[in-house]
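Written below as structure tokens is the structure these notes are about.
All ligand and atom numbering here is 1-based and tracks the order in the structure. In this chain, numbering begins with 1 at the start of the sequence shown. Values reported hereafter were calculated over all heavy atoms of this structure, with side chains retained and with hydrogens, waters and symmetry mates removed.
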Amino acid sequence: MAFKKDDNFGEWYSEVVVNSEIIEYHDISGCYILRPWAMEIWELLKEFFDAEIKKLKLKSYYFPLFVTVNVVQKKKDHFEDFAPEVAWVTKTGNSELEAPIAIRPTSETAMYPYFAKWIRSHRNLPLRCNQWCSVVRWECSNPIPLIRSREFLWQEGHTVFATKEESDEEVLRILELYRRIYEEFLAVPVSKGRKSEMEKFAGGLYTASVEAFIPNTGRGIQAATSNCLGQNFAKKFEIFFEDENDPAQKKKEKNKRSLVCQNSWAYTTRSIGVMVMTHGDDKGLVLPPRVAPIQVIVIPDPLEDADTTAINEACETIVCTLNQAGIRADLDTRENYSLEWKYSHWEMKGVPLRIEIDLKDLANKQVPVVRRDNGAKVDILSTDLVEHVKVLLDGIQDSLFQTAKQKRDACIEVVYTWDEFTAALNDKKLILAPWCDEEEVEKDVRARTEGNLGSAKTLCAPFDQPDLPEGTVCFASGKPAKTWSFWGRSY
Ligand SMILES: O=C(C[C@H]1NCCC[C@H]1O)Cn1cnc2c(c1=O)CCCC2
Ligand SMILES: [Mg+2]
């Protein structure tokens with residue numbers, strides 16, 4: 001590694017994601033090749049999340065990549081007056097298209113006309129749609145692999161209910177799944193909360209999010225969002241249902257119909273970038289075992305001129321034993337690489353455990369195991385190898401989370417005044433401050449903190465609110481504080 005995490009975070013990060021073979025840079029700025037080491041992590045997360053939402057009766061769909069955004073229909077299409085980051089197809093071959101076609105930046109506009117068609121009565125509800133796909137947002141701010149790219153993979157859930165109560169309940173249920181993705185799989189601590197009016201999804205009613213924090217840069221990062229859209233999109237796209245159960249409808253003429261209530265929620269491949277930033281060190285990637293494509297790498301340490309057959313077979317047996325126990329183990333018996341090269345290669349890739357076996361170990365029926373996260377080396381008796389490896393992997397998972405949580409918590413600074421706020425901001429802190437919850441005040445804080453590092457903004461108002469004594473005033477406006485909110489610069 002040419003760069004140190006604490007000296008040159010940006011360069012360190014780019015070096016890690018390339019050297020660990022997670023991504024390859026691509027000639028189109030902001031686009032990256034996701035290599036197997038990324039895709040296998042993504043697939044492990046997807047396996048968990050998809051199974052969980054299937055329990056919630058989500059159905060899989062795939063809507064077209066191309067979205068017709070009819071200019072006349074403009075009032076309906078929420079592309080925020082054709083947001084600058086929407087990419088368009090304007091021609092095929094050398095003939096112009098009659099009307100340009102948008103490449104989806106998100107799929108509300110693609111889906112909701114069909115929700116209107118498919119939903120007639122309350123018997124069609126709830127409608128629960130999820131798709132795993134990529135979206136394109138042609139951002140111009142500096143791209144960061146996995147964190148901010150022009151195309152990224154995500155899942156987008158779009159659900160439709162008869163009542164707001166059902167919507168509200170599902171928003172939180174999905175948010176909990178996002179917390180589990182981050183805390184139980186990626187070992188990244190996140191805070192659940194509500195986005196401010198300024199930060200929420202503009203087309204929706206309210207946005208709940210899980211927020212992470214990168215101590216090295218002192219920046220917050222939105223990890224996933226779960227939006228209640230209310231009836232906003234139902235009005236735009238005329239999504240009604242006849243609700244025989246609604247007594248009001250009995251009296252009114254038959255065709256009086258109710259607007260549906262909707263949610264939309266997503267997490268993306270950004271989650272992998274957050275994990276890299278959180279756990280990586282100066283030797284490269286450090287993978288939490290639950291998302292490690294390889295959890296144990298077994299490397300034979302053959303004596304110079306010895307016959308390698310015995311040692312290689314022993315290593316193969318260890319790998320098979322671990323695989324049969326559901327542990328993702330692999331072997332590196334390549335002749336053309338030195339032991340030192342292999343050790344640093346698999347350390348760079350962040351593999352949680354390394355087993356290095358030589359003839360002496362074989363004779364003593366012991367298995368030396370080295371932990372990637374803290375370098376500790378233990379000799380395990382080959383008889384209880386599986387159990388011991390499982391204990392080590394669980395220990396690594398937990399220790400990575402606890403370490404990250406302590407680091408994140410150490411960055412949290414409670415402030416009550418503007419001066420304390422600006423000092424904490426310059427100290428790269430995650431700020432927790434009492435706020436009057438007025439949009440104008442948030443705008444003002446942004447303006448007053450503008451600079452080459454970007455403005456401070458609200459990250460979320462944590463659901464877990466500390467006590468807010470009567471008479472506490474807003475740090476920025478001096479008005480009566482209504483809520484505690486996390487503030488900081490962000491990605
Ligand atoms: O995408 C969403 C909201 C919603 N989309 C579906 C999944 C959940 C949630 O992300 C917000 N959003 C973000 N970015 C853009 C748009 C947009 O609607 C539309 C214009 C292009 C850029
Ligand atoms: Mg040895």
Heavy-atom contacts with [X] under 4.0 Å: which atoms of ligand 1 show up? List them by number with element.
X      : result
Pro105 : 21 (C)
Ala266 : 7 (C), 8 (C)
Asn227 : 8 (C), 9 (C)
Phe201 : 3 (C), 11 (C), 18 (O)
Glu108 : 3 (C), 4 (C), 5 (N), 6 (C)

message: Test of understanding: with side-chain contact (heavy atoms from CB on, under 4.5 Å), list the residues that count as partners of Ser485, not counting sequence neighbours.
response: Trp435, Thr458, Trp487

message: Could you tell me if the side chain of Pro145 sits less than 4.5 Å from the side chain of Tyr13, heavy atoms only?
response: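 Yes. Closest side-chain heavy atoms under 4.5 Å.
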
query: Hey, looking at atom 20 (C) of ligand 1, which of Ala224, Ala87, Ala83 has the closest heavy atom?
result: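 The residue whose heavy atom sits nearest atom 20 (C) of ligand 1 is Ala83.
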
- prompt: Mind checking what makes side chain to side chain donor-acceptor pair (under 3.5 Å) contact with Ser455, not counting sequence neighbours?
  reply: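 Applying side chain to side chain donor-acceptor pair (under 3.5 Å) to Ser455 gives none.
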
query: Do Asn216 and Asp6 have side-chain atoms, one donor and one acceptor, less than 3.5 Å apart?
result: yes

query: Does a donor on one side chain sit under 3.5 Å from an acceptor on the other, for Gln465 and Thr483?
result: yes

- prompt: Under 3.5 Å between some N or O of ligand 1 and some N or O of Glu156?
  reply: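 Min N/O separation from ligand 1 is not below 3.5 Å for Glu156.
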
message: So, regarding Ser264 and ligand 1 (criterion: nitrogen or oxygen to nitrogen or oxygen, under 3.5 Å), is there a contact or not?
response: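 No, no N or O pair falls under 3.5 Å.
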
query: Below 6.0 angstrom between ring centroids: does that apply to Phe185 and Trp42?
result: no

